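Here the structure is a predicted model, which means the values were calculated and not measured. Labels below follow one simple rule: chain letters A, B, ... track the order of the sequence lines, proteins then strands, and each chain is numbered from 1.
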Amino acid sequence: DSGVTQTPKHLITATGQRVTLRCSPRSGDLSVYWYQQSLDQGLQFLIQYYNGEERAKGNILERFSAQQFPDLHSELNLSSLELGDSALYFCASSVNLEGYGANVLTFGAGSRLTVL
Amino acid sequence: DQQVKQNSPSLSVQEGRISILNCDYTNSMFDYFLWYKKYPAEGPTFLISISSIKDKNEDGRFTVFLNKSAKHLSLHIVPSQPGDSAVYFCAASAMYNDMRFGAGTRLTVKP
């Protein structure tokens, strides 16, 4: 158990639908990152939050949105789903304190989304 | 944007021999580099890292080498063991910023 909790583990839905993926970071970690891994692809960076605020944005589609709540958990919302959105979605967290230096990410086990 | 590249999708080595996994990056602002290991049905786990002020970091059987002028890093595993069979991701970040990953290299260590 890495300490990063992702729910649900598996999700099957239809095109056009909307889903929400949830992530609880490791205790004490302030940053949350979301990554997408499509079949045989690498980890595509989507978005990073630090202590409730958006810190960096990657290749995140406009149909996707995320937020980090005051208790530091994060949600990734995927809407108007398409077949190509089927992927593993990973959440990771890190301490990422200012002045701490570079950070090591701790990953959750992922949420597997299947769009039919 | 492919700021971190792992050009070898797979690598197969014999148990006891050396495994060398390679990674190239394009962003000169990256100052911290990491390797993660991923088993099926699990999230990636941190393996070893190196700061841009160093050119080598060693941890047991694992050594990471950094060549800043070539924007290249490599992971050496010696000796390789069957339990090392996994997908290895190279990652890079600039201070406090997001972390970018390569596409991964699937290592198979044959007994």
Side-chain angles (χ1 to χ4, degrees), chain A residues 1-6 9-10 21 23-26 29-51 53-60 66 88-112, chain B residues 1-10 21-27 29-54 57 59 62 64 66 73 86-106:
Chain A
D1 183 0
S2 68
V4 178
T5 304
Q6 288 189 248
K9 286 187 172 19
H10 302 277
L21 308 180
C23 171
S24 293
R26 201 177 52 162
D29 285 358
L30 300 176
S31 263
V32 169
Y33 305 72
W34 286 98
Y35 289 86
Q36 179 193 56
Q37 185 183 25
S38 302
L39 189 64
D40 291 334
Q41 298 289 312
L43 294 162
Q44 296 295 318
F45 170 68
L46 295 178
I47 199 164
Q48 176 200 358
Y49 283 85
Y50 172 74
N51 205 19
E53 294 190 2
E54 184 182 304
R55 171 64 67 91
K57 216 169 198 177
N59 302 318
I60 187 166
L88 259 174
Y89 291 85
F90 286 104
C91 169
S93 72
S94 71
V95 172
N96 202 12
L97 295 172
E98 297 292 341
Y100 183 76
N103 52 92
V104 173
L105 272 57
T106 301
F107 281 82
S111 291
R112 181 173 294 282
Chain B
D1 62 356
Q2 286 268 283
Q3 297 186 46
V4 180
K5 300 179 185 180
Q6 293 177 258
N7 293 319
S8 298
S10 63
L21 296 94
N22 294 302
C23 177
D24 298 294
Y25 62 96
T26 57
N27 189 340
M29 297 300 291
F30 288 145
D31 55 9
Y32 198 62
F33 304 89
L34 308 90
W35 286 92
Y36 285 79
K37 179 178 179 179
K38 184 181 181 304
Y39 292 116
E42 296 181 9
T45 55
F46 169 70
L47 185 59
I48 192 170
S49 65
I50 187 167
S51 164
S52 60
I53 62 173
K54 295 185 176 181
N57 188 28
D59 183 2
F62 303 91
V64 57
L66 175 63
L73 65 155
V87 177
Y88 289 79
F89 289 99
C90 169
S93 73
M95 188 72 84
Y96 313 130
N97 292 327
D98 58 279
M99 192 164 295
R100 303 295 172 126
F101 285 77
T105 297
R106 183 179 300 278

Could you grab the distance from atom OH of A/Y33 to atom OG of B/S93, nearest 0.5 Å is fine?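 A/Y33 atom OH to B/S93 atom OG measures 7.5 Å (nearest 0.5 Å).
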
Please evaluate residues A/F90 and B/F89 with respect to the criterion ring pair (Phe, Tyr, Trp, His ring centres under 6.0 Å), reporting the C-alpha separation (whole Å), side-chain torsions for both, the decisive distance (0.1 Å), and the verdict. CA-CA 14 Å; A/F90 286 104; B/F89 289 99; 8.6 Å; no

Contacting moiety of A/K9, where chain B heavy atoms sit under 4.5 Å: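 The answer is neither part of A/K9.
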
Could you pull out the closest heavy-atom pair between B/R100 and A/K57, with the gap in Å?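 Minimum heavy-atom contact is NH2-O, 4.0 Å.
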
So B/Y36 and A/L105, side-chain contact (heavy atoms from CB on, under 4.5 Å) or not? Walk me through it. CA-CA 9 Å; B/Y36 285 79; A/L105 272 57; 3.3 Å; yes

